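What you see is a predicted model; the values in this text were computed from it and never measured.
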Amino acid sequence: MEEFKMDGAQAVRREDSKWAFSGSDGPDAADRREESVLEKERDDIGTTKEENQFNFGAGERPEMQDWKHPGEWQYMEDGMLVTRTSVWSAPGCHEGCGVLVYSDPETGRFIKCEGDPDDPYNRGALCPRCLAFKQVEFHPDRILYPMKRIGERGENKWERISWDEALETCYKEFRRIAMTYGGDSIHCLRGTARDNQWQVGRMANTFGSPNEYGFLSGTACYLPRLSLMIMTYGGMLIADFSQFSALRYDDPDWVCPECTIVWGCNPTISNPDFFMGHWVTDAMKLGCKLISVEPRVTWLAAHADIHLQLRPGTDTALALGMIKVIIDEDLYDHDFVERWTYGFDELAARARELSLDEVENMTWVPKQKIIDAARLFATSHPANVVWGLAVDMQSQGTPCAQAIAALWTITGNLDVPGGMCYTAAPMGVDQPSAGAWGIYDLIDEETQKKRVGWKEYPMYRYGLTQAMPDMCLEVCEEGGVKGVWIQTSNGIACMSCETERWYKAMKKPEFVAACDIFMTPMIQSSADIVLPVQTWAEKHSVRAHYYFLSAITGGCAAEGEALSDCEINRRLAQYFDHDDEFNGCHQSPRGQAAHLAMGNRG
């Protein structure tokens with residue numbers, strides 16, 4: 001048997017080519033891990049690197065050694081300089097598609113971008129976001145220079161300043177606030193996962209603060225699925241459509257799924273995280289059957305083998321109905337269930353509490369369709385699930401995710417080619433979607449426990465190493481937030497569920513700095529200093545998340561005085577790095593009391 005290293009566990013390659021977790025010391029290790037959690041204090045659960053595998057990858061995958069990109073990274077074509085790069089931010093989406101940037105070889109200015117047909121991820125496909133990128137690059141409203149507010153907050157009156165003045169102002173204000181009130185009174189706000197997100201957590205740590213987060217109320221985007229997968233499976237899982245291999249569909253080790261369920265998303269027009277929707281249609285062309293769980297008649301639903309047109313919000317009942325059919329008809333994978341799971345009897349008992357007539361009544365899906373879908377999924381090997389935001393954003397998001405995940409588990413589709421596969425930090429490069437890269441090294445344990453919501457929501461810690469936005473809003477309204485750093489986020493316009501409350505609350509901090517490419521409503525209403533950032537076409541960075549690593553190579557000259565997010569963070573952090581007095585307090589952040597104590601000792 002072959003083995004590869006897991007964090008705190010061992011994965012064994014069995015003769016049937018399935019990858020599955022086993023305990024590091026035998027089959028009873030799962031019981032021991034459960035006991036170790038039960039023995040812990042509530043405040044300590046989910047606080048370690050091993051327990052929060054989402055931020056660090058669930059394991060190490062064998063790397064593709066024989067594949068090399070067939071094209072040069074830079075070359076001339078029709079008098080233009082062409083540079084291969086990846087799109088992430090700013091602006092960008094979760095995908096990180098490979099593109100070709102065409103620029104003027106004399107001036108370096110951007111001309112156009114096209115999809116890279118040799119990139120294994122998107123294989124040349126691009127959406128309008130990239131094709132219209134030139135409008136962003138040269139937009140007349142783009143922020144090109146550092147500025148400071150000269151009117152009242154909300155008046156949108158600004159004055160151009162130098163980078164030195166902007167960064168020194170940020171340094172002095174955040175230093176004053178941290179030394180006076182404590183580093184945890186500074187909150188660092190950001191959007192969703194890009195190459196410029198992990199820096200926000202590190203910036204918070206630089207101030208001696210553990211409070212980094214996004215504006216999203218309840219963090220209802222992905223958190224229920226994240227927490228469920230990490231607590232249940234020890235890591236992140238995603239449907240395998242050959243994206244783990246540079247050879248893609250030609251990889252002899254990949255197996256096309258015989259059936260996929262597209263549940264609560266419409267990937268052909270709106271991709272899930274790090275997933276290209278057309279992979280589903282590619283698999284359909286290769287013979288994959290499709291089950292669509294969708295209230296609407298989307299393109300995929302119209303072309304599905306079975307369309308389960310359910311009543312919105314009844315996903316959990318539908319999943320339990322399918323589980324009931326699979327168990328009652330003895331269609332589950334006995335070997336996998338017996339060797340690699342626990343709690344199956346309890347799951348079976350729960351499913352049997354419902355009759356299919358009751359499920360039909362609740363979901364509006366004819367019971368025969370539920371039976372047909374359950375049979376198709378259970379008898380297809382391998383099979384997987386592509387799920388989306390609709391699973392999270394309902395009152396029972398976590399139980400819903402748990403029920404759907406049980407479908408791929410009891411049918412033995414966990415960690416098999418074409419099934420649901422574990423993701424890992426690509427080539428060991430951690431670029432977490434939440435929390436800072438190195439968050440367990442930069443601030444001590446006691447400072448971590450000052451993270452807002454840390455004690456109140458232990459399950460939250462499994463999914464996101466960040467502060468709890470709803471509680472942070474309350475802290476801000478009460479005047480407990482004194483300084484704010486905003487990066488990669490336009491909170492009140494596109495993230496916050498309670499816009500008016502955030503708008504009023506963000507008037508209270510003593511100092512607010514923001515980095516962006518446009519004067520967003522968030523900046524206009526709240527910021528004192530605004531810093532211009534480079535676009536993805538201008539900067540150098542890396543795209544590292546889920547399962548592959550690629551370079552973001554600046555293919556054109558930066559407009560104005562814009563800098564990359566990382567460079568802005570680095571320059572500001574240098575001020576603090578050379579501040580011995582501040583760093584002495586930062587080791588045990590106690591605000592002014594610590595500052596005075598140091599003075600008295602001197």
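Side-chain N or O atoms of Lys134 include none that pairs as donor or acceptor with a backbone N or O of Leu131 at under 3.5 Å. One N or O on the side chain of Gln524 and one on the backbone of Met519 form a donor-acceptor pair closer than 3.5 Å. Side-chain N or O atoms of Ser489 include none that pairs as donor or acceptor with a backbone N or O of Ile486 at under 3.5 Å. Proximity of a side-chain donor or acceptor of Asn271 to a complementary backbone N or O of Gly277 within less than 3.5 Å is detected. The backbone N or O of Glu561 sits less than 3.5 Å from a side-chain atom of Trp163, completing a donor-acceptor pair. A donor-acceptor pair under 3.5 Å links the side-chain atoms of Arg225 to the main chain of Trp387, judged by distance alone. A donor-acceptor pair under 3.5 Å links the side-chain atoms of Glu294 to the main chain of Arg296, judged by distance alone. Judged purely by atom type and a 3.5 angstrom limit, Tyr181 has no side-chain atom pairing as donor or acceptor with the backbone of Gly483. Of the possible donor and acceptor atoms, none in the side chain of Lys508 sits under 3.5 Å from a partner among the backbone N and O of Gly480. Counting only distance, with no hydrogens or angles, the side chain of Ser209 and the backbone of Ile186 share a donor-acceptor pair below 3.5 Å.
At least one side-chain heavy atom of Tyr233 sits under 4.5 Å from a side-chain heavy atom of Thr409. Contact of the Cys265 side chain with the Ser270 side chain is not registered, since no non-hydrogen atoms from C-beta on lie closer than 4.5 Å. Side chains of Ile529 and Pro146 form no contact here, defined as non-hydrogen atoms less than 4.5 Å apart. Counting only heavy atoms from C-beta outward, the side chains of Tyr222 and Leu389 never approach each other to under 4.5 Å. The side-chain heavy atoms of Glu581 and Met179, taken from C-beta on, include a pair separated by under 4.5 Å.
The minimum heavy-atom distance linking Arg311 with Met362 is given by the pair CD-O, 3.3 Å. Residues Asn211 and Lys450 approach most closely at OD1-O, 3.8 Å, considering heavy atoms. Across all non-hydrogen atoms, the minimal contact from Ile568 to Pro532 is CD1-O, 3.7 Å. Nearest approach of Val385 to Met420, heavy atoms of both residues: N-SD, 3.3 Å. In plain terms, the two heavy atoms of Ser541 and Asp195 that are nearest each other are OG-OD2, 2.8 Å. A pairwise comparison of heavy atoms in Met147 and Trp158 identifies SD-CB, 3.9 Å as the closest pair.
Take Phe110 and apply the ring-ring contact (aromatic ring centres under 6.0 Å, His included) test, not counting sequence neighbours, and it matches Phe133. With sequence neighbours excluded, the residues satisfying salt bridge (charged side-chain N to carboxylate O under 4.0 Å, His left out) with Arg142 are Glu137, Glu538. In this view, Thr488 satisfies the side chain to side chain donor-acceptor pair (under 3.5 Å) rule with no residue, not counting sequence neighbours. For Lys172, the salt bridge (charged side-chain N to carboxylate O under 4.0 Å, His left out) partners are Glu168, not counting sequence neighbours. Under the rule for a side chain to side chain contact (heavy atoms under 4.5 Å, CB included), the partners of Met471 that lie at least two apart in sequence or sit in another chain are Val452, Glu456, Tyr457, Met468. Among residues two or more places apart in sequence or in another chain, the ring-ring contact (aromatic ring centres under 6.0 Å, His included) test is passed with Phe548 by Tyr121. Take Arg501 and apply the salt bridge (charged side-chain N to carboxylate O under 4.0 Å, His left out) test, not counting sequence neighbours, and it matches Glu477, Glu498. Not a single salt bridge (charged side-chain N to carboxylate O under 4.0 Å, His left out) links Lys507 to another residue, sequence neighbours left out. Remark: Tyr503 engages no residue in a ring-ring contact (aromatic ring centres under 6.0 Å, His included) (not counting sequence neighbours). Checked against ring-ring contact (aromatic ring centres under 6.0 Å, His included), Trp263 has no partners two or more places apart in sequence or in another chain.
Summarising the geometry, atom CG belonging to Asp164 is positioned 10.0 Å from atom OG1 belonging to Thr169; distances are rounded to the nearest 0.5 Å. The distance from atom CH2 of Trp485 to atom SG of Cys170, rounded to the nearest 0.5 Å, is 5.0 Å. Taken to the nearest 0.5 Å, the CD atom of Gln534 stands 11.5 Å off from the CD1 atom of Ile517. Rounding to the nearest 0.5 Å gives a distance of 9.0 Å between CD of Gln487 and CG of Leu531. Here the CZ-CD1 distance, from Phe274 to Ile238, works out to 8.5 Å after rounding to the nearest 0.5 Å. The structure places OG of Ser185 at 11.0 Å from CZ of Phe207, a figure rounded to the nearest 0.5 Å.
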Stepwise side-chain contact (heavy atoms from CB on, under 4.5 Å) check, Cys566 with Lys539: CA-CA 9 Å; Cys566 193; Lys539 70 179 182 181; over 6 Å; no

Stepwise, does the side-chain contact (heavy atoms from CB on, under 4.5 Å) test hold for Asn569 with Arg202? CA-CA 9 Å; Asn569 297 138; Arg202 283 214 164 195; over 6 Å; no

Might you work through the side-chain contact (heavy atoms from CB on, under 4.5 Å) test for Leu189 and Tyr213, ending with a clear yes or no? CA-CA 5 Å; Leu189 308 177; Tyr213 56 95; 3.0 Å; yes

Could you go step by step and tell me if Gln199 and Arg190 meet the side-chain contact (heavy atoms from CB on, under 4.5 Å) rule? CA-CA 10 Å; Gln199 295 97 322; Arg190 49 98 184 125; over 6 Å; no

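Among residues at least two apart or in separate chains, ring-ring contact (aromatic ring centres under 6.0 Å, His included) pairs with a member in residues 504-531 are His139-Phe518, Phe174-Phe511. The salt bridge (charged side-chain N to carboxylate O under 4.0 Å, His left out) contacts involving residues 517-529 comprise Arg149-Asp528, Arg153-Asp528, where partners must be two or more places apart or lie in separate chains.
For the pair Arg160 and Tyr145, the distance from NZ or CZ to the six-membered ring centre is under 6.0 Å and the angle to the ring normal is within 45 degrees.
Look at Arg129 and Glu95 and you find no salt bridge, because none of the NZ, NE, NH1 or NH2 atoms lies under 4.0 Å from a carboxylate O. Comment: Arg571 engages Glu567 in a salt bridge, judged by a side-chain N to carboxylate O separation of less than 4.0 angstrom.
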